[in-house]
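Have a look at the structure below, then the notes.
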Amino acid sequence: MTGRRVQTALLGLVLAIVGVRPALAQDEPRVSFSTSVDYSVGDYGTGKDTTLLYVPFTLGVRPFDHFWLSLTIPYLYQTGQNVVLTGGGVAVKGKKSNGKLTRPTTSTTESGLGDVLAKASLIVVEETEVLPEITPYFKVKFPTADKDRGLGTGEFDETLGVDVSKLIIGSLFGYVELAYTFIGEPLGTTLHNTFGWSVGAAYAIAQPFSVFAFIEGATAIAPDQDNPLDIRVGAEYRIIKALKLTGAVMRGLSNGSADWGFTGTLTLRF
């Protein structure tokens with residue numbers, strides 16, 4: 001889910017999905033808290049590297065079976081101002097006049113509150129021997145990041161998506177995510193809505209250790225930007241029943257993605 005995991009993918013990067021799911025809904029946790037460090041470097045085809053450090057804090061609650069609500073409050077540190085984060089990933093700023101999204105003549109460093117994210121998800125189909133688990137979701141990006149400092153666009157973004165997961169054989173799980181994000185356009189700019197996707201698998205080698213790999217892509221948000229495409233591999237270790245640690249490395253496969261990055265996530269569920 002390319003830029004969405006910076007959620008994307010930024011917004012997020014949620015790698016805690018590779019845990020073995022409890023069999024009974026009443027045994028599942030009602031509250032979840034997670035935090036991560038998402039670091040990436042790349043020039044996104046601009047010729048100058050941008051470094052992004054994204055540190056989200058996410059609180060999730062399950063008010064009733066199969067339904068989750070979550071709120072993410074992120075801290076953002078950014079060197080270079082050739083890109084800007086949106087609810088659908090990274091948008092490259094234009095060389096020519098494009099409102100607030102014009103590339104600066106000199107490199108700058110900014111940090112502060114990022115865009116707050118709210119998400120609701122609902123399992124509409126439970127996994128069976130034949131059917132996968134299907135979970136649609138709706139996410140809203142609130143424009144809390146300072147647009148004048150290049151930390152956001154200053155506009156709302158909305159995402160409609162669906163997660164599909166299935167135990168394939170033995171301890172091998174398959175995952176697919178599809179999402180469409182409506183990108184808000186600051187006055188005088190041109191941005192495109194984006195379709196993102198992710199396909200991957202996770203394998204439980206031995207409890208409490210799992211490994212996973214994903215390939216993620218999306219359509220470009222900014223004019224003349226390449227479509228993002230990257231691959232992500234990592235592992236998860238369940239420290240105790242309610243606490244797990246996830247780590248992953250990312251490699252960009254197109255000029256629309258960061259060149260490389262890594263993520264570490266700590267998740268507590270009870």
>> I'd like to know whether Val116 forms a side-chain contact (heavy atoms from CB on, under 4.5 Å) with Thr72, so could you lay out the CA-CA distance, the side-chain angles of the two residues, the decisive distance to 0.1 Å, and finally the verdict.
In response: CA-CA 6 Å; Val116 171; Thr72 299; over 6 Å; no
Any side-chain heavy-atom pair from [X] and [Y] closer than 4.5 angstrom?
| X | Y | value |
| --- | --- | --- |
| Val162 | Tyr137 | no |
| Thr267 | Ser32 | yes |
| His192 | Ile221 | no |
| Glu127 | Pro132 | no |
| Ile123 | Pro136 | no |
| Leu172 | Leu167 | no |
| Glu216 | Arg232 | yes |
| Lys93 | Gln81 | yes |

Closest non-hydrogen atom pair, [X] against [Y]:
| X | Y | value |
| --- | --- | --- |
| Pro186 | Leu191 | CD-CD1, 4.0 Å |
| Ala202 | Tyr175 | CB-CE1, 3.8 Å |
| Phe138 | Leu160 | CD1-CD2, 3.4 Å |
| Asp230 | Met250 | CB-SD, 3.7 Å |
| Ala120 | Leu69 | CB-CD2, 3.6 Å |
| Val92 | Gln225 | N-OE1, 3.3 Å |

Could you measure the distance from the [atom1] atom of [X] to the [atom2] atom of [Y]? Nearest 0.5 Å is fine.
| X | Y | atom1 | atom2 | value |
| --- | --- | --- | --- | --- |
| Thr35 | Phe33 | OG1 | CZ | 5.5 Å |
| Phe209 | Gln207 | CZ | CD | 11.5 Å |
| Leu76 | Asp115 | CG | CG | 8.5 Å |
| Glu110 | Arg149 | CD | CZ | 4.5 Å |
| Leu151 | Leu52 | CG | CG | 10.0 Å |
| Thr263 | Asp38 | OG1 | CG | 3.5 Å |

> With sequence neighbours left out, what residues match Leu53 under side-chain contact (heavy atoms from CB on, under 4.5 Å)?
Replying inline: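 side-chain contact (heavy atoms from CB on, under 4.5 Å) list for Leu53, sorted by chain: Val37, Tyr39, Val55, Tyr77.
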Using only atom types and a distance under 3.5 Å, with no angle test, would you say the side chain of [X] pairs donor to acceptor with the backbone of [Y]?
| X | Y | value |
| --- | --- | --- |
| Arg269 | Arg30 | no |
| Lys166 | Thr128 | yes |
| Glu185 | Leu187 | no |
| Asn193 | Ile183 | yes |
| Thr46 | Lys48 | yes |
| Ser254 | Leu229 | yes |
| Ser40 | Ala258 | no |

> Should Leu113 and Ile73 be marked as a side-chain contact (heavy atoms from CB on, under 4.5 Å) after you check the CA-CA gap, both sets of side-chain angles, and the distance that decides it?
Replying inline: CA-CA 8 Å; Leu113 176 67; Ile73 300 176; 3.7 Å; yes
> Among Thr86, Thr219, Thr159, Asp157, which one satisfies side-chain hydrogen bond (donor to acceptor under 3.5 Å, both in side chains) with Thr194?
Replying inline: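 The single option meeting the side-chain hydrogen bond (donor to acceptor under 3.5 Å, both in side chains) with Thr194 is Thr219.
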> For the residue pair Phe142 and Phe156, does the interplanar ring angle fall in the parallel (under 30°), tilted (30 to 60°) or perpendicular (over 60°) class?
Replying inline: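 The rings of Phe142 and Phe156 stand perpendicular, inter-plane angle above 60°.
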> According to the interplanar angle, ranging from 0 to 90°, do the rings of Phe182 and Tyr180 count as parallel (below 30°), tilted (30 to 60°) or perpendicular (above 60°)?
Replying inline: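 Perpendicular: the ring planes of Phe182 and Tyr180 meet at over 60°.
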> What about Trp68 and Phe270, same hydrophobic cluster or not, with Ile/Leu/Val/Met/Phe/Trp/Tyr joined at side-chain heavy-atom distances under 4.5 Å?
Replying inline: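 As far as the 4.5 Å side-chain criterion goes, Phe270 and Trp68 are not connected within one cluster.
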> Is Ile239 linked to Leu268 within one hydrophobic cluster, defined over Ile, Leu, Val, Met, Phe, Trp and Tyr using a side-chain heavy-atom separation of less than 4.5 Å?
Replying inline: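 Yes; Leu268 is reachable from Ile239 via cluster members.
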> Have Ser210 and Lys244 got a donor and an acceptor in their side chains that come within less than 3.5 Å?
Replying inline: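 No donor-acceptor contact under 3.5 Å links the two side chains.
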> How about Phe212 and Tyr203: are their ring centres within less than 6.0 Å of each other?
Replying inline: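 So the answer is no for these two rings.
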> Does atom CD1 of Ile169 have more than 12 heavy-atom neighbours from other groups under 6.0 Å away?
Replying inline: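 Count not over threshold, so no.
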>> Determine whether Leu71 and Leu117 satisfy the following criterion, side-chain contact (heavy atoms from CB on, under 4.5 Å), listing intermediate values before the conclusion.
In response: CA-CA 6 Å; Leu71 183 70; Leu117 306 171; over 6 Å; no
>> If you apply the rule side-chain hydrogen bond (donor to acceptor under 3.5 Å, both in side chains), what do you find for Lys141 with Thr153, and how did you get there?
In response: CA-CA 11 Å; Lys141 186 211 78 174; Thr153 63; 3.2 Å; yes
> Do Leu85 and Tyr54 pass the side-chain contact (heavy atoms from CB on, under 4.5 Å) test, and can you show the C-alpha distance, the side-chain angles, and the key distance before you say yes or no?
Replying inline: CA-CA 10 Å; Leu85 299 186; Tyr54 188 78; 4.2 Å; yes
